[in-house]
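To start, the structure under review is shown below, and the notes come after it.
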Amino acid sequence: MPRILSGIQPTGRFHWGNYFGAIRQYIDLQDKPETAFYFIADLHALTTVRTPAELRGYTLDAALDLLALGLDPNRASLFLQSDVPEVAQLCWLLLSGTPMGLLERCVSYKDKKARGLRADAGLFTYPVLMAADILIYDSDIVPVGEDQVQHIEVARDLAGSFNHEFGETFVLPKEKILDSSARVPGIDGQKMSKSYGNTLAVFEDPKALRKQIMRIVTDSRLPEQSKPPEGDHLFELYSLFGSDEQCQTLAATYRRGGFGYGDVKKSLADLAVEFFAAARQRREELVAHPERVREILGDGAATARKKAAEVLLRAQKACGIK
Ligand code: ADP
Ligand code: TRP
């Protein structure tokens, strides 16, 4: 059985884009706790979240959200990146031998720097920590969004050169690019992203969510005018939740004209609240039982550490540390 591994950073509340673009697809791939590893990348988040209480809060929220949304501890191991200290050890073995130029070419570093984020060594070497995350579990398949593919290539490159220098040590991982048609627009029509402040959070309070949905930007077309549904971000958001039949009906209404955006927004809010209602219920149950969450993360980390210790030792021996 190939091992599937992915990580998600706890840098804010998960939004609809994170759910449809990533989380739901990871969850669909889970199978057995020994072969499906999912972790919360708190060490990576430290490159952007610099307030301790915030980082702790986002990390706990990420665990609660993932479990509530269907990550099943009987079919996957869920753990915190920082609960597997072997990853930081392997990161050092990989850093020695990583060409500076390779990291300078990494788009995410270049982008973050361009956005004015502090360019510290953590941010610069981010892809090496990510390579350690992947290689330490002999991961075969890494499901990620398009934006992370270059980082998987770095992991493969570093694994290849380590193997070449010190003998066969690491499994070469392959990316599985998540369905990019699941790109979710934000309330302003741009890609939904924390960085743009245009998100709708998965577990937003329903009343607040309705208000935010009413603020979705629309054009100034008159109610009687017709409008092509294609490319309309309100229609796209509706399509995330509506059944085929509901979407076809709305598409026909758009083309016919004689409707107001306000009504579409109300229907969207109803559908979204209903869609996440069961997950919200599960989340409340988990919040009431924090010991259960701690136990799940502890079990996940134990399973992950067992594998990590084995691969770390293999790498240490190969390069002459043990
Ligand atoms: P953000 O852009 O809000 O900071 P992240 O970069 O932390 O989100 O993304 C985490 C995961 O969610 C990634 O796999 C990314 O591809 C996916 N994702 C983020 N925003 C969207 C979106 N609007 N549509 C689809 N997938 C998204
Ligand atoms: N960098 C990834 C992101 O921002 C998160 C991540 C960290 C990751 N380590 C990983 C993803 C290892 C896959 C495998 O989305």
Side-chain angles (χ1 to χ4, degrees), residues 3-27 29 36-49 58-59 61-62 65-66 69 78-82 84 87-88 90-91 94 106-109 111-112 115 117 122-123 125-156 158-159 171 173-202 233 236-237 239-240 304 308:
R3 185 181 317 276
I4 294 175
L5 164 119
S6 200
I8 191 152
Q9 288 194 68
T11 46
R13 288 202 294 168
F14 291 145
H15 53 71
W16 292 3
N18 298 142
Y19 177 71
F20 290 100
I23 297 168
R24 179 165 78 169
Q25 300 184 53
Y26 298 158
I27 286 173
L29 292 169
F37 282 9
Y38 296 106
F39 66 92
I40 298 165
D42 51 353
L43 296 175
H44 275 112
L46 202 51
T47 60
T48 46
V49 185
Y58 290 154
T59 304
D61 276 347
D65 289 1
L66 291 170
L69 288 169
L78 175 68
F79 54 95
L80 304 188
Q81 183 184 29
S82 61
V84 186
V87 167
L90 181 62
C91 181
L94 296 172
C106 282
V107 182
S108 70
Y109 163 72
D111 282 0
K112 282 182 187 169
R115 293 212 315 261
L117 274 162
L123 188 61
T125 53
Y126 180 113
V128 187
L129 180 61
M130 183 157 161
D133 285 329
I134 296 170
L135 302 177
I136 204 154
Y137 306 115
D138 284 342
S139 309
D140 300 288
I141 298 165
V142 187
V144 284
E146 199 89 49
D147 57 322
Q148 296 296 318
V149 173
Q150 192 188 36
H151 291 157
I152 315 292
E153 283 161 10
V154 170
R156 231 183 356 251
L158 297 182
V171 170
K174 281 201 191 65
E175 66 273 7
K176 176 178 167 52
I177 303 180
L178 298 173
D179 179 7
S180 60
S181 63
R183 180 183 173 282
V184 176
I187 60 170
D188 58 356
Q190 291 189 81
K191 181 187 175 207
M192 186 177 286
S193 169
K194 282 185 294 279
S195 341
Y196 304 145
N198 62 358
T199 61
L200 295 164
V202 170
H233 59 274
E236 278 176 40
L237 289 169
S239 309
L240 297 171

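We number each residue from 1, following the sequence as shown. Atoms within a ligand are numbered from 1 in the order they appear, just like the ligands themselves.
Test Ile136, Leu129, Leu43 against Cys91 for side-chain contact (heavy atoms from CB on, under 4.5 Å) and you get one pass: Leu129. Of the candidates Leu135, Ile141, Asp140, Pro173 forms a side-chain contact (heavy atoms from CB on, under 4.5 Å) with just one, namely Leu135. Checked against Pro127 for a side-chain contact (heavy atoms from CB on, under 4.5 Å), the options Gln148, His151, Gln150, Glu153 give a single hit: His151.
The closest protein non-hydrogen atom to atom 4 (O) of ligand 2 is Gln9 NE2, 3.0 Å. Remark: minimum distance from atom 5 (C) of ligand 2 to any protein heavy atom is reached at Gly7 O, 3.5 Å. With hydrogens left out, the protein atom closest to atom 7 (O) of ligand 1 is Lys194 NZ, 3.3 Å, a heavy atom. Among protein heavy atoms, atom 27 (C) of ligand 1 sits closest to Gly17 O, 3.3 Å. Closest to atom 13 (C) of ligand 1, if we only count protein heavy atoms, is Ala22 CB, 4.3 Å. Among all protein heavy atoms, the one lying closest to atom 25 (C) of ligand 1 is Ala182 O, 3.3 Å. Closest protein heavy atom to atom 2 (C) of ligand 2: Gln148 OE1, 3.4 Å. Of all protein heavy atoms, the one closest to atom 9 (N) of ligand 2 is Asp133 OD2, 2.7 Å.
Checked by atom type and distance alone, the side chain of Asn198 never pairs as donor or acceptor with a backbone atom of Gly189 at under 3.5 Å. With hydrogens and angles ignored, the 3.5 Å screen pairs no side-chain donor or acceptor of Gln190 with any backbone N or O of Gly186.
Side-chain contact between Ile152 and Ile134: present, with at least one pair of heavy atoms (C-beta onward) separated by less than 4.5 Å.
When each atom of ligand 1 is checked for a heavy atom of Gly21 under 4.0 Å away, the hits are 25 (C), 26 (N). Ligand-side atoms of ligand 2 in range of Tyr126: 1 (N), 2 (C), 3 (C), 4 (O), range being under 4.0 angstrom from any heavy atom. Listed by number with element, the atoms of ligand 2 under 4.0 angstrom from any heavy atom of Val142 are 13 (C), 14 (C). For ligand 1, the atoms closer than 4.0 angstrom to any heavy atom of Gly145 are 14 (O), 16 (O). The distance from ligand 2 to the heavy atoms of His44 drops below 4.0 Å at these ligand atoms: 7 (C), 9 (N).
Interatomic distance, Arg183 CZ to Glu146 CD, rounded to the nearest 0.5 Å: 12.0 Å. From Asp138, atom CG reaches atom CG of Leu5 across 11.0 Å, with rounding to the nearest 0.5 Å. Note that SG of Cys106 and OH of Tyr126 are 11.0 Å apart. Values are rounded to the nearest 0.5 Å.
Using 4.0 Å as the threshold, Lys191 has a heavy atom nearer than that to some atom of ligand 1. Taking a 4.0 Å cut-off on heavy atoms, Gln148 fails to register as neighbouring ligand 1.
Considering backbone and side-chain atoms together, Arg183 places no N or O closer than 3.5 Å to any N or O of ligand 1. Of the polar atoms of His151, none of the N or O atoms is found under 3.5 Å from an N or O of ligand 2, judged by distance alone. Any N or O atom pair closer than 3.5 Å counts here, and Ser6 shares no such pair with ligand 2. Between Asn18 and ligand 1, an N or O atom pair is found at a separation short of 3.5 Å. Where the criterion is an N or O separation shorter than 3.5 Å, residue side chain and backbone included, Val184 meets it with respect to ligand 1. For Gln81, no nitrogen or oxygen atom sits less than 3.5 Å from a nitrogen or oxygen atom of ligand 2, counting backbone and side chain alike. Taking only nitrogen or oxygen atoms, main chain and side chain alike, Met192 reaches within less than 3.5 Å of ligand 1. In terms of polar-atom proximity, Ser193 is counted as a contact of ligand 1, with an N or O under 3.5 Å from an N or O of the ligand.
Contacts between Glu146 and ligand 1, counted as non-hydrogen atom pairs separated by less than 4.0 Å, are absent for every part of the residue. Only the side chain of Asp147 comes within 4.0 Å of ligand 1, counting heavy atoms alone; its backbone N, CA, C and O stay farther away. Counting heavy atoms under 4.0 Å from ligand 2, residue Val144 touches it through the side chain alone. At a heavy-atom cutoff of 4.0 Å, ligand 2 is contacted by the side chain of Ile134 but not by its backbone.
In this structure, Arg13 forms no cation-pi arrangement with Tyr58, as its terminal cationic atom is not both closer than 6.0 Å to the ring centre and no more than 45° off the ring axis.
Electrostatic pairing of Arg156 and Glu175 counts as a salt bridge here, judged by a charged N lying under 4.0 Å from a carboxylate O.
Between the side chains of Asp133 and Gln81, a donor-acceptor pair is found at a separation under 3.5 Å. Side-chain contact annotation: Asp42 with Thr59, donor-acceptor N/O pair under 3.5 Å absent. Side-chain atoms of Thr199 and Lys194 include no donor-acceptor pair closer than 3.5 Å. Residues His233 and Glu236 bring no donor and acceptor atom of their side chains to less than 3.5 Å of each other.
Phe20 has its ring centre no less than 6.0 Å from the ring centre of Tyr26.
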